[in-house]
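The structure appears right after this line, and notes come after that.
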Amino acid sequence: MVAAVAAGITWLTGGAVAGTAATVASEVLLYAGTTAASYFIQQANQPKQDSGTKLKATSGGAVDQSIIVGEKETAGSLIYAGTWGRPGKSPNTYYARVFCLQDMPSSGFSSRLWTGGKKAAIDFDHITYTDADTDYPADGSGYSGSGQSMGHPVPTLDHDGNHYAWVKFLDGSQTVADPYLRAVFGSRDDRPWTASMVGRGRTLMIVTQRFTVKESNSELSATAVVQGMAFCDWRKDSTNGGTGSHRWGDAATYEYSANPAVILYNIMRGIYRDGTWIYGGFDWPARRFDTDSWTAAANVCDQNVDLAGGGTEKRYRMGAEIDLAEPPLSVMDRVLASFSGRLVESGGIYKLYAGGIGASVYSFGDDDVIVTEPLSGKMFPSREDICNTITGSYCEPDNGGQMKAYKKRTDAGYVADDNGELRSKEMNFDYVRNNRQAQRLAKHALNDNRRFMTKVAAFPSLARKLEPGDTVNWSDSARFGFANKKFIIGDVTLTNRGVVRMPRMPTGRRATKSRTRSAFMATSFRTPMSSASMSPPLRSRRATAATRTRRSRSPGLSMPTWSIANGCGCRCVSSTLPVPISPSIRCRSMRGGPLSPRASG
């Protein structure tokens, strides 16, 4: 019996495809077309947990743990406060507070400190001791006293030449309780800072203020700028297809990275502290990740982009404080949105794509399409699915990490095509910290929104090796009047008839108008994009038997499903999106907890 393959294809315009991103989602091989950027337009207005900057420290009761990836502002959570004074002087001149900035070690700290909505500077070159009135070099040279370092002064808050605020950071590598806190609070009868209060594996900030009768003595707010945790970069792991000393599971070999592809890789494989799992995937092996596609995506993120004013910057970077109570799949959505990425699962192996579309792996023409099989699809969406302007916000470092509007992206040609009607959609980038990057992503989304046509074509079994996410080329089509159009494979299904069916979506900048002239085909979605009623919600369903039984290239490994550790129980592959290829993988139950692979038999 001859096996057959049904595959989804997204049509990209021939030639100028650089800088675009696309993903296919199909439902019963009829709804194939959607791009990653357009998917994120829809997701922008879906209910999500707040991911904004923590400008005010949390305190009291149980507080959710958090981790910082990339660079991010945070006020942390207050874990201790007390006053102290020097012998023979006022017993409460100094007011010290201890904040936990994140529940993982940090890679570094910026000299920027936000207080009262204003930027202040930390003098990392000097430190002050508890028994001295003057500063000393940060290396302690010249100091001969017996006091403890209370931290670095904040000259921006000086009065009359005197320091009134100090900041001290513990990066999570500490193995003993801080000597300063032990010295001033260790002998207290009530709430002493004991020797066991180390904060192992956690990043702490100690803020000390000096109060006087001459100055206004309000409590100082402090928002630090933290370089987040270090990550394993497989490209630097010589045991995993790379070159270097990085080793998964050995945190001592990791390095700081703001590359969103690297961050996504570590979240999916799991975040561990001292060998203990705390977030993301649980015990996911390296063989589940296609090294070639992940490396290519990470390299795209690392590309240098020329700036109009001179110089360069990395194409895609991100920074975020992740609340560990937020479902990992929601976090993955935000990470993917920061680099217009698409995540594809095929036979239990995960592939990642970023930015532009790659080279074709298969070329075909009209003669390769089986004419005796049906050619079906959807040509145009409803008017409300189309936009010609993208607005939104991103996280601005020079605004204290608060969200700020980026320059709207619009296209005069698209507006003209829509008879001059301005159709705007909002797209916020929670994890993006660069105005130019936000504009690039918005431009991708705008162009992707104007791409259209969904069909299902049939091919001989010679195309059965095609996998979801592969790029193919329709070299010549007299039937449809185009040549050299690129497509992306979507759903892949094995049947009994030796036929390959391919849903496809053309994504040319200017495409055939609809019968109503003003309506142009955008990408086909099944989730609402905004309160303006985009498209009907996606219908959640279990994966078909064909997609469930698709085997990977690893012998004996069947396609797994995402399962939530606290009891999902469903056999979904991508049940919020209707096929096992999507910008992110969602479990239909959407309960919190770690992601774990569960083979479907």
Side-chain angles (χ1 to χ4, degrees), residues 7-12 17-26 31-44 259-265 267-268 288-290 292-301 315-316 318 329-347 349-361 427 429 431-432 440-445 447-449 451 454 466-472 486-492 503-505 507 523-527 538 562 573-574 576-586:
I9 298 183
T10 299
W11 175 16
L12 306 178
V17 297
T20 64
T23 286
V24 180
S26 61
Y31 306 109
T34 180
T35 65
S38 291
Y39 171 82
F40 296 124
I41 296 179
Q42 293 190 37
Q43 290 298 101
N259 185 310
V262 173
I263 293 172
L264 180 65
Y265 176 86
I267 291 175
M268 291 183 66
R288 300 293 306 281
F289 299 82
D290 177 67
D292 291 342
S293 66
W294 281 79
T295 298
N299 290 342
V300 168
C301 296
R315 183 174 298 278
Y316 299 122
M318 64 163 288
L329 298 175
S330 176
V331 172
M332 290 166 60
D333 270 342
R334 301 182 205 254
V335 175
L336 286 163
S338 70
F339 65 107
S340 197
R342 65 186 190 276
L343 183 63
V344 177
E345 190 276 349
S346 176
I349 306 300
Y350 288 87
K351 295 183 178 182
L352 184 68
Y353 301 90
I357 304 304
S360 299
V361 299
M427 188 174 185
F429 301 104
Y431 292 172
V432 173
R440 288 195 294 270
L441 293 168
K443 186 65 174 179
H444 290 171
N447 290 335
D448 285 347
N449 180 262
R451 295 168 178 146
T454 299
L466 294 174
E467 294 184 344
D470 285 344
T471 302
V472 297
K486 285 190 174 183
F487 296 80
I488 292 179
I489 299 299
D491 200 9
V492 177
R504 57 191 183 274
M505 183 188 70
T507 55
T523 53
S524 175
F525 288 95
R526 288 299 172 269
T527 49
L538 272 170
W562 287 98
V573 175
S574 176
T576 301
L577 293 177
V579 292
I581 170 173
S582 62
S584 70
I585 310 301
R586 293 177 175 272

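Computed from a prediction, not measured in an experiment: that's the story for all the values here.
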State, yes or no, whether a side-chain contact exists between [X] and [Y] at a heavy-atom distance under 4.5 Å.
X      : Y      : value
Phe339 : Leu352 : yes
Val331 : Tyr431 : yes
Leu343 : Trp294 : yes

When the ring planes of Tyr350 and Phe289 are compared, do they come out parallel, tilted or perpendicular, using 30° and 60° as the limits?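 Rings of Tyr350 and Phe289: tilted, as their planes differ by 30° to 60°.
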Spacing of [X] atom [atom1] and [Y] atom [atom2] [to the nearest 0.5 Å]:
X      : Y      : atom1 : atom2 : answer
Arg315 : Arg440 : CZ    : CZ    : 6.5 Å
Ile263 : Ser338 : CD1   : OG    : 7.5 Å
Asn449 : His444 : CG    : NE2   : 14.5 Å
Ser330 : Asp333 : OG    : CG    : 6.0 Å

Where Val361 and Val472 come nearest, the two heavy atoms and their spacing: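 So the minimum-distance heavy-atom pair works out to CG2-CG1, 4.4 Å.
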Please find the pair of heavy atoms, one from Ala298 and one from Ala261, that lie closest to each other, and give the distance.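 That would be CA-CB, 3.8 Å.
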Backbone N/O of Thr295 and side chain of Asn299: donor-acceptor pair under 3.5 Å: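 Judged by distance alone, yes, a pair lies under 3.5 Å.
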